[in-house]
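Below is one structure, written out as structure tokens, with a few remarks after it.
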Number of protein chains: 2
Amino acid sequence: MHKRVLVVEDEASIRDMVAFALRKADMEVIHAADARAALSAISDTPPDLILLDWMLPGMTGLELARRLRAEERTAEVPIIMLTARGEEMDRVNGLEAGVDDYVVKPFSTRELVARIKAVLRRAQADGGTGSIESGGLRIDGPAHRVYAGDSQIEIGPTEYRLLHFFMTHAERAYSRAQLLDQVWGGSVYVEERTVDVHVRRLRKTLEPFGLDGLIQTVRGTGYRFSASP
Amino acid sequence: MHKRVLVVEDEASIRDMVAFALRKADMEVIHAADARAALSAISDTPPDLILLDWMLPGMTGLELARRLRAEERTAEVPIIMLTARGEEMDRVNGLEAGVDDYVVKPFSTRELVARIKAVLRRAQADGGTGSIESGGLRIDGPAHRVYAGDSQIEIGPTEYRLLHFFMTHAERAYSRAQLLDQVWGGSVYVEERTVDVHVRRLRKTLEPFGLDGLIQTVRGTGYRFSASP
DNA sequence: CGGCGCCGTCACGGAAATGTAACGTTGCAA
DNA sequence: TTGCAACGTTACATTTCCGTGACGGCGCCG
């Protein structure tokens with residue numbers, strides 16, 4: 001249940017306060033001071049939630065929200081807006097742009113964390129992750145099930161997360177450190193070789209279904225999921 | 001696939017936002033600012049779904065829901081309640097009155113549309129009888145009864161709500177927190193492990209009827225209702 | 001008031017899952 | 001070919017997670 005939150009906020013004091021609160025709530029925080037930084041931070045891996053200041057240098061938060069909604073990768077990422085009291089804003093416009101919630105400054109960190117958790121839970125409840133298919137494998141996110149053709153595959157929690165990450169990031173090699181970050185969560189201390197073991201377990205559970213070679217070793221780098229050998 | 005939705009809401013801004021979102025999702029929207037307007041709007045032709053604000057001038061949404069359920073013409077029309085955060089509402093009473101789902105304000109239009117579609121899909125699936133059948137189990141919503149074949153199953157209130165939620169959300173894994181949200185209501189604090197105990201009790205009452213494996217454990221995540229193992 | 005049903009919590013035990021070390025194997029470079 | 005580093009594989013101790021029975025509390029109705 002380790003979540004990544006992108007905080008788009010130009011005021012350093014608020015940013016630090018928010019970051020402190022979120023880290024205490026076991027979330028990973030990424031910063032961006034303006035819209036451009038936000039977009040480039042997202043281009044790598046989309047976060048689980050975006051905390052967006054209403055007033056930003058260059059581009060308003062609303063404008064950024066619209067752009068995020070327009071892009072495939074970020075269309076489903078929940079957005080929470082931060083607005084200063086008195087800033088007259090058109091709530092309807094915001095909600096039409098797909099903003100999930102508002103928090104009015106000044107706010108207590110307790111309230112902010114509570115709202116974030118509520119939104120994350122709701123986002124997860126709605127389809128969140130649909131179903132993905134690749135290389136003869138199908139993974140049903142909502143049902144939390146994995147299929148090879150018609151037969152279901154029994155799989156452990158970590159193997160499930162690992163496979164899910166691989167399938168949503170196919171055709172690309174990841175280092176062990178990156179996999180630990182993405183699959184285990186950034187704040188755990190685990191030996192890198194542990195990844196090898198889980199890759200091995202995943203390969204072994206897929207093997208009886210004739211699914212070999214899906215997870216490929218990239219020597220000196222890490223692993224890659226690919227439907228083509 | 002063109003559905004008519006009646007929106008009963010006195011606040012103009014929310015009404016407009018909802019109307020905008022629903023029209024974009026290819027639905028027809030009818031307005032009503034209070035309970036009386038709602039009743040007269042319905043007397044013409046009942047809609048496919050009713051979106052009901054909790055707080056209305058004159059009559060509470062819950063009261064209106066009960067009256068709608070009492071009338072033959074509207075007894076089968078699905079109802080979704082809108083409640084503001086902090087408005088103390090008794091989710092249990094709502095469910096007894098036949099409310100199909102709750103959405104807490106502020107909500108995102110994406111979330112609202114998703115929930116509406118889900119409820120419509122379910123309503124269509126049960127053929128308008130208000131009863132759901134799955135995995136050899138049948139649950140009669142209006143009568144609050146559960147059957148395995150011809151024999152009725154005695155079941156407690158919480159177990160009933162839990163089973164009802166599971167059957168209306170089959171083939172999907174839910175965390176304990178989500179189940180507490182949906183079945184117990186968001187405003188109560190109970191331990192997550194309590195869910196385990198009720199799942200256990202539910203399994204035990206279903207077992208004598210040969211209904212094993214319907215409620216499945218998803219390790220590290222929660223539970224899932226499914227007719228297939 | 002006393003019995004009954006239902007509910008939430010706790011504690012115990014077992015099973016699954018996890019991380020790590022140790023050893024075997026492969027591939028690359030000198 | 002040799003040597004070394006990277007990777008595969010296995011076994012094992014530990015931790016986490018879940019099933020289960022029991023207990024006390026609360027409300028309700030006789």
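As the structure is a prediction and not an experimental result, all values here were calculated from the model. By convention in this document, chain letters (A, B, ...) are assigned in the order of the sequence lines, proteins followed by strands, and residues within each chain are numbered from 1.
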Starting at NZ of Lys204(B) and ending at P of dC6(C), how long is that distance when rounded to a whole Å?
13 Å
Separation of dG8(D) C1' from Glu192(A) CD (nearest whole Å):
16 Å
Pairing of Arg69(B) and Asp100(B) as salt bridge, 4.0 angstrom limit:
yes
Whole-Å gap separating P (dC7(D)) and CD (Glu191(A)):
15 Å
Does Trp184(B) have a side-chain nitrogen or oxygen under 4.0 Å from the phosphate oxygens OP1 or OP2 of dC7(C)?
no
Nearest whole Å is fine: how far is dT20(C) C1' from His198(A) NE2?
10 Å
For the residue pair Tyr174(B) and Phe165(B), is the inter-centroid distance of their aromatic rings smaller than 6.0 Å?
yes
Of the listed nucleotides dC18(D), dT9(C), dC7(D), the one nearest the side chain of Thr194(B):
dT9(C)
Within the 6.0 Å centroid threshold, strictly below: Phe225(B) and His169(B)
no
State whether Asp101(B) and Arg115(B) are salt-bridged, where the test is any N-O pair (Lys NZ or Arg NE/NH1/NH2 against Asp/Glu carboxylate O) under 4.0 Å.
yes
Atom-pair distance (CZ on Arg176(B); P on dT9(C)), nearest Å:
14 Å
Let's see if you can work this out: which of dC10(C), dG14(C), dG27(C) has an atom nearest to the side-chain heavy atoms of Val197(B)?
dC10(C)
Check this one for me: any side-chain N or O of Tyr223(B) less than 4.0 Å away from OP1 or OP2 of dG19(D)?
yes
Taking only the side-chain nitrogens and oxygens of Thr217(A), find out if one of them lies under 4.0 Å from OP1 or OP2 of dG8(D).
yes
Over 60° means perpendicular and under 30° means parallel, so tell me whether Tyr160(B) and His144(B) are parallel, tilted or perpendicular.
parallel
I'd like to know if Arg201(A) reaches the base of dG8(D) with its side chain, counting only an N/O donor and acceptor under 3.5 Å.
no
I need the CZ-C1' distance between Arg203(B) and dT20(D), as an integer number of Å.
11 Å
DNA chain D: Val199(A) or Val218(B), which has the more 5' nearest nucleotide?
Val199(A)
Nearest-Å distance, CD (Glu154(A)) to C1' (dA16(C))?
12 Å
Could you please name the option among dA5(D), dG19(C), dA22(C) that lies closest to any side-chain atom of Arg193(A)?
dA22(C)
Taking CG from Leu162(A) and P from dA17(C), how many angstroms apart are they, rounded to a whole number?
15 Å
Pairwise 5' ranking along DNA chain C for Ile155(A) and Tyr189(A), keeping only the more 5' one
Ile155(A)
